[in-house]
Amino acid sequence: MSAIPQPLQGMSDIISPEVEVWQTLETRAREVLARFDFREVRTPIVEMASVYLHSLGDTSDIVQKQMYAFETRGGKQVCLRPEGTAGVMRHLAGRGQEAQDARVYYMGPMFRAERPQAGRRRQFHQLGVECMGPPTPEQDAEVIALQAALFEAWELGPVSFQLNTRGSPEDFPRILEGLRGELEARKSDLCEDCQRRMDSNVLRVLDCKVPGCKEIVQELSPITTWMDPASLEYFDRVRKTLDLLKVPYEVNPLLVRGLDYYQHSIWEVTSTALGAQDALSGGGRYRMAMGKAELEGVGFGIGMERVLLALSEAQQAKFSVDAKPLVMLVAQNDAAREANLSLAADLRRAGLRVRMDLTGKSMKAQMKAAGRQNAATVLIRGEAELTAGTVQWRDMSNSEQQEVTLEKVVGLLVK
RNA sequence: GUGGGUAUAGCUCAGUUGGUUAGAGCGCCAGUUUGUGGCACUGGAGGCCGCGGGUUCAAAUCCCGUUACUCACCCCA
């Protein structure tokens, strides 16, 4: 047993019937994305480590300890992508006007070396969207509307859209200073983590789950206190546009997001169907340096594993049963089995899903297999049918059986 | 990186205060008069009880280590 290799920790094979759920989600997503006129971009899974080092913020945990990084034989520092935005920015950087207008999306695996838990894997899959261009509140709202359309297409049930603003980069120092100032007096009442956060990442104090911290946070001034009027005006227009686009949301003044590159609109989608990791998706407007290029855009990433977890069993079953009905060919003897090989070729060419026994099992065993595999139709041939040029057509749902000529079989099955 | 729980047949699990050939259900294979499924009955295959070490006359059962799974923290999708 120990000799058989297992997948790496936090990575797993995705198999039927679950893989059909993935396929359905992906297909529906592509339809929605096309309606908003977004195009797919497929960037490499391995990039130069520098692509992430500078863009995600050097202090984030992702960069500090979660990257699968290694050195190539040529001595290059590379890593498996821990998220999608930076790779897309690497692609767009230096592309001038083309990049200015980009509306792109990606789907695929990301890698972070964390301890796995419910809704968190080391290899996980994200669907991400990046919309470039000048920062307008209307653009932010349109991207949020796209995200809402995705969840609607997936029939995900009730999800909560939570929206907030981080203000402009000019606001940041005032916000951090303001927060630290108000927290300083209460520092000894904060949990250990939050005392550490006061230096490393003050904003994170706002969404601490420890009850004592929550109380303190309630008494703080909202971060909008330290924002420029222009930033507040920006946020108002995002909200107005969302109303016009008929996207329901709620403002959560305590919402913060982990990555440094966000500014102005940030949002999260959560589901009560999930455990501790209840965020299905997170997004926001960002500005990112990539080499000497500076890019700004708005986008979001959706954790596909979490979407699957949030889907009810019933919905998953519904998404799985889209396979075509199965036709099973049953043979009484070798001659019939050989004839069935040709029949199988014809039926498959006609687009039907066909299986047959190739090992010479008894008819009883073949019928049993047909039942187990949920065949809709069984075509049976023995000596009598071979000489007559017919097959026995058995409808497995009601056990009704009749003899039909070979010429008619394809036509009957295809309709 | 930190902490809790779990690890016995393909799957879901029993296994009493350590005791001799390790069990059940489902699934699988074959039969119940030889050209036919789903029900029922009969029989069969399949486990060095995660891996390594220790205690003991004796370990699935007790002790230590290790790996994986799982849940939570940190952090994040």
Side-chain angles (χ1 to χ4, degrees), chain A residues 1-12 56-57 59-66 82-85 107 109-129 147 191-194 196-197 200-201 204 207-210 256-259 267-271 274-284 299-310 328-333 336 357 359 361-386 391-401:
Chain A
M1 196 166 191
S2 60
I4 299 172
Q6 303 294 314
L8 293 176
Q9 185 177 41
M11 307 192 183
S12 50
L56 303 190
T59 58
S60 73
D61 271 28
I62 294 179
V63 169
Q64 295 254 303
K65 51 189 187 187
Q66 296 176 355
E83 60 101 57
T85 302
M107 291 186 202
M110 309 291 164
F111 302 84
R112 291 180 200 171
E114 306 174 271
R115 283 285 282 273
Q117 72 189 72
R120 165 184 292 164
R121 319 246 62 207
R122 288 186 161 189
Q123 174 174 338
F124 62 105
H125 297 76
Q126 276 192 346
L127 160 57
V129 159
Q147 192 180 20
C191 71
E192 268 182 47
D193 284 330
C194 281
R196 181 176 50 75
R197 286 178 181 125
S200 63
N201 197 347
R204 277 283 164 201
D207 67 353
C208 182
K209 291 163 193 157
V210 176
V256 297
R257 300 208 27 84
L259 302 174
W267 65 90
E268 238 173 54
V269 182
T270 58
S271 163
L274 269 50
Q277 310 303 322
D278 64 350
L280 295 168
S281 175
F300 58 82
I302 300 177
M304 296 302 289
E305 276 81 0
R306 293 182 186 179
V307 171
L308 262 92
L309 282 174
M328 181 71 82
L329 307 187
V330 167
Q332 185 209 346
N333 54 34
D357 170 61
T359 63
K361 280 186 189 164
S362 69
M363 279 189 61
K364 189 185 178 85
Q366 294 181 61
M367 289 303 298
K368 200 173 174 186
R372 180 173 4 103
Q373 285 156 31
N374 265 321
T377 310
V378 173
L379 304 180
I380 306 161
R381 277 209 284 190
E383 271 177 56
E385 288 76 17
L386 277 181
V391 300
Q392 293 295 333
W393 172 301
R394 185 178 182 85
D395 183 336
M396 293 296 274
S397 62
N398 55 20
S399 299
E400 280 175 19
Q401 189 166 317

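Chain letters run A, B, ... following the sequence lines, proteins first and then strands; every chain starts at 1. As the structure is a prediction and not an experimental result, all values here were calculated from the model. As a basis for the values below, the full set of heavy atoms in this structure was taken, side chains included, without hydrogen atoms, waters or symmetry mates.
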Q: How many whole angstroms separate atom NZ of A/Lys364 from atom P of B/U36?
A: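 Distance check: A/Lys364 NZ to B/U36 P gives 7 Å.
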
Q: Please pick, from B/G37, B/A30, B/G35, the nucleotide with the shortest atom-to-atom distance to any side-chain atom of A/Glu385.
A: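 Within the option list, the nearest is B/G35.
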
Q: Is there side-chain contact between A/Gln123 and A/Pro7, with heavy atoms separated by less than 4.5 Å?
A: no

Q: Looking for any heavy atom pair under 4.0 Å, which part of the strands does A/Ser399 touch: base, sugar-phosphate only, or nothing?
A: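 Result for A/Ser399 = base.
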
Q: With a 4.0 Å cut-off on heavy atoms, is A/Ala384 in touch with a base, just the backbone sugar-phosphate, or nothing at all?
A: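 Base, at least one base heavy atom under 4.0 Å.
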
Q: Out of B/G1, B/A77, B/A30, which has the shortest distance to the side chain of A/Arg120?
A: B/A77

Q: Regarding B/G37, can its base be found pairing with the side chain of A/Arg394 as donor and acceptor, where the two atoms are less than 3.5 Å apart?
A: yes

Q: Taking the side chain of A/Lys209 as its heavy atoms from C-beta onward, which of B/C74, B/A77, B/U36 lies nearest to it?
A: B/C74

Q: With heavy atoms under 4.0 Å as the rule, sort A/Arg115 into base, sugar-phosphate or nothing.
A: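 Base contact - A/Arg115 has a heavy atom under 4.0 Å of at least one base atom.
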
Q: So which nucleotide from B/U36, B/C74, B/A77 ends up closest to the side chain of A/Arg306?
A: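 The closest nucleotide is B/A77.
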
Q: What's A/Gly10 touching, base or sugar-phosphate or nothing? Going by heavy atoms closer than 4.0 Å.
A: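 The residue A/Gly10 makes sugar-phosphate contact but no base contact.
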
Q: Between A/Thr270 and A/Ala279, is there a donor-acceptor pair closer than 3.5 Å when you use the side chain of the first and the backbone of the second?
A: no

Q: Checking all strands, does A/Gly128 fall into the base, sugar-phosphate, or nothing category for heavy-atom contacts under 4.0 angstrom?
A: nothing

Q: Measure from the side chain of A/Arg204, starting at C-beta and using heavy atoms only, and say which of B/C76, B/A72, B/U36 lies closest.
A: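 Looking only at side-chain atoms, A/Arg204 lies closest to B/C76.
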
Q: What does A/Met110 touch in the nucleic acid at a heavy-atom separation under 4.0 angstrom: a base, only the sugar-phosphate, or nothing?
A: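 Touches nothing.
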
Q: Indicate, with a heavy-atom threshold strictly under 4.0 Å, whether A/Ile302 touches base, sugar-phosphate, or nothing.
A: nothing

Q: Take atom CD in A/Gln373; do more than 12 heavy atoms of anything else shown fall under 6.0 Å from it?
A: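 Yes, CD of A/Gln373 has more than 12 neighbouring heavy atoms, counting only those of other groups under 6.0 Å.
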
Q: From B/C71, B/G35, B/C76, pick the nucleotide closest to the side chain of A/Gln117?
A: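 Selected nucleotide: B/C71.
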
Q: Between P on B/A77 and CG on A/Leu127, what's the gap in Å once rounded to a whole number?
A: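 Taking CG of A/Leu127 and P of B/A77, I get 14 Å after rounding.
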
Q: Which value, in whole Å, describes the distance between the C1' atoms of nucleotides B/A7 and B/G65?
A: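 Rounded to whole Å, the distance is 16 Å.
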
Q: Any side-chain heavy atom of A/Gln277 within less than 4.5 Å of one from A/Leu309?
A: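 Contact flag for A/Gln277/A/Leu309 side chains = no.
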
Q: Which one, B/A72, B/C75, B/G37, comes nearest to the side chain of A/Ala276?
A: B/A72

Q: Counting side-chain heavy atoms from CB outward, which of B/G37, B/G35, B/C29 is closest to A/Met363?
A: B/G35

Q: Can you tell which of B/C29, B/A77, B/C76 lies closest to the side chain of A/Gln277?
A: B/C76

Q: Across the strands shown, which category fits A/Glu268 at heavy-atom distances under 4.0 angstrom: base, sugar-phosphate, nothing?
A: nothing

Q: Could you tell me whether A/Arg257 contacts a base, only the sugar-phosphate backbone, or nothing, with contacts defined as non-hydrogen atoms closer than 4.0 Å?
A: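 Sugar-phosphate: the residue A/Arg257, judged by heavy atoms under 4.0 Å, touches backbone atoms but no base.
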
